[in-house]
Amino acid sequence: MQDAEGAATARANGADRVELCTALGVTGGLTPSAGLLDAVCAVGIDVHALIRTRPGGFVYSDAEVDVLAADVAAAVRLAVRLGARGVVIGALHADGTVDAGATGRLLAAARDAEQRAGRRIDVTFHRAIDAAADPIAALTVLAGLGVDRVLTSGGAARAGDGLDVLRALVAADTGVEVMAGGGRHGGGHPCHPGHRRARGAPVRETLGAGSGRRRPGWRCRVGSGDDRRRSGASGYESSAPSLSASSDTRVRYSLPISTV
């Protein structure tokens with residue numbers, strides 16, 4: 001999601017959460033401006049801000065991590081003031097393992113800023129996990145770091161095609177919430193009748209710190225600039241609404257809304 005109009009449309013159609021970015025179509029999503037975050041928070045929907053300083057892959061130099069950490073801290077301070085819900089981060093090594101050092105620094109920046117601001121903020125690891133060499137090992141590392149949630153398609157182009165990996169991620173029982181995201185509009189979208197089979201998948205929420213258990217039932221979530229179809233380990237391309245594996249026993253689906 002990249003503008004207030006799209007967020008308002010999402011909310012009107014039942015979405016309870018958006019992940020916010022800018023330059024969606026050109027770069028796959030970058031950090032939104034303060035003004036954009038303010039405008040979307042005013043819509044009255046839970047907002048999670050993507051923190052990504054450049055397009056391309058998720059391997060960052062120390063200097064880039066310094067900038068990302070500063071952006072995380074600034075975004076958390078702003079999120080607390082405006083009422084946003086969280087930030088979305090991610091970093092990998094070139095071999096496809098989680099860059100625990102970089103991710104830990106970003107998480108620490110968020111936790112320090114939230115403590116100073118006086119309100120807890122959700123931290124989500126974005127679909128960089130779909131470029132990980134071993135997603136289960138990646139999830140285990142992220143659990144150890146204290147990440148609240150991961151956004152993943154199960155490594156597939158569409159979350160509906162990545163159900164085996166999604167099941168394995170949930171079965172790992174790391175305490176990190178697994179939110180499935182990815183798909184295509186029309187007949188390729190998991191909400192489409194051609195993909196109703198996914199509704200019966202045994203994918204359920206695993207609760208992270210601070211994430212209360214939600215009542216069973218279908219609710220809607222709409223993904224962000226990082227909630228998109230992966231094009232190799234270097235990044236993502238094309239917009240994709242999300243499917244959220246975050247109910248007690250069933251997969252919850254998003255509405256096929258996009259502003260691109």
Side-chain angles (χ1 to χ4, degrees), residues 1-25 29-52 71-89 110 113-114 116-127 148-151 177 179-183 185 189 191 205 207-228 239-248 250-260:
M1 190 64 61
Q2 63 177 349
D3 57 35
E5 181 180 5
T9 301
R11 185 174 185 271
N13 283 275
D16 58 10
R17 178 185 190 272
V18 295
E19 291 179 10
L20 182 65
C21 67
T22 190
L24 180 61
L30 300 176
T31 305
S33 68
L36 179 58
L37 184 60
D38 190 4
V40 175
C41 284
V43 169
I45 193 169
D46 283 351
V47 179
H48 296 247
L50 174 67
I51 308 299
R52 187 175 180 225
D71 281 351
V72 166
V76 169
R77 291 193 296 268
L78 189 60
V80 169
R81 181 167 65 84
L82 297 176
R85 183 69 179 270
V87 293
V88 184
I89 63 170
E114 73 180 13
R116 294 173 185 271
R119 179 167 71 83
R120 195 180 190 283
I121 289 292
D122 288 351
V123 178
T124 299
F125 191 90
H126 56 52
R127 285 190 61 204
D148 297 304
R149 178 184 302 104
V150 295
L151 176 64
E177 180 182 340
M179 175 179 285
H185 298 299
H189 188 268
C191 292
E205 180 180 40
L207 299 177
S211 60
R213 183 172 296 278
R214 299 174 179 87
R215 294 173 63 185
W218 302 104
R219 301 179 68 189
C220 299
R221 300 187 184 276
V222 177
S224 76
D226 249 55
D227 179 15
R228 59 202 58 266
S239 65
S242 71
L243 164 149
S244 173
S246 54
S247 71
D248 285 342
R250 296 180 291 183
V251 178
R252 287 206 297 246
Y253 294 87
S254 77
L255 299 174
I257 298 173
S258 174
T259 57
V260 181

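Positions are given from 1 along the sequence.
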Side chain to side chain contact (heavy atoms under 4.5 Å, CB included) between E19 and M179, worked out:
CA-CA 12 Å; E19 291 179 10; M179 175 179 285; 4.3 Å; yes
Between V88 and I51, does a side chain to side chain contact (heavy atoms under 4.5 Å, CB included) hold up when you go through it step by step?
CA-CA 6 Å; V88 184; I51 308 299; over 6 Å; no
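- Residues A23 and L30 share a closest heavy-atom pair of CB-CD1, 4.3 Å.
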Please assess L50 against H126 for the test side chain to side chain contact (heavy atoms under 4.5 Å, CB included), listing each intermediate value before the final yes or no.
CA-CA 8 Å; L50 174 67; H126 56 52; 3.8 Å; yes
Intermediate values then yes/no, side chain to side chain contact (heavy atoms under 4.5 Å, CB included), E114 and D122:
CA-CA 10 Å; E114 73 180 13; D122 288 351; over 6 Å; no
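- A search for side chain to side chain contact (heavy atoms under 4.5 Å, CB included) contacts involving A39 returns A4, not counting sequence neighbours.
- Under a 3.5 Å cut-off, the side chain of Q2 and the backbone N or O of C21 do not form any donor-acceptor pair.
- The two residues P32 and L36 have their closest heavy-atom pair at CB-CD2, 3.8 Å.
- Remark: A84 engages L37, C41, V47, A79 in a side chain to side chain contact (heavy atoms under 4.5 Å, CB included) (not counting sequence neighbours).
- Among residues two or more places apart in sequence or in another chain, the salt bridge (charged side-chain N to carboxylate O under 4.0 Å, His left out) test is passed with R116 by D112.
- V18 and V40 make their closest contact through CG2-CG1, 4.2 Å (heavy atoms, listed as atom of the first residue, atom of the second, distance).
- Residues A10 and M1 share a closest heavy-atom pair of CB-CE, 4.1 Å.
- Note that the NE2 atom of H48 and the CZ atom of R149 stand 5.5 Å from one another [nearest 0.5 Å].
- Between R17 and D46 there is no salt bridge, since no side-chain nitrogen of the basic residue lies less than 4.0 Å from a carboxylate oxygen of the acidic one.
- Scored by the side chain to side chain contact (heavy atoms under 4.5 Å, CB included) test, A34 finds L78 as partners (sequence neighbours excluded).
- Minimum interatomic distance between V123 and I89 (heavy atoms only, all atoms of both residues): CG1-CD1, 3.7 Å.
- With R11 contributing its side chain and D16 its backbone, the two residues share no donor-acceptor pair below 3.5 Å.
- Residues satisfying the side-chain hydrogen bond (donor to acceptor under 3.5 Å, both in side chains) test with R81, not counting sequence neighbours, are none.
- Listed by chain and number, the residues in a side-chain hydrogen bond (donor to acceptor under 3.5 Å, both in side chains) with T31 amount to none (sequence neighbours excluded).
- Expressed to the nearest 0.5 Å, how far CZ of R85 lies from CD1 of I45 amounts to 12.0 Å.
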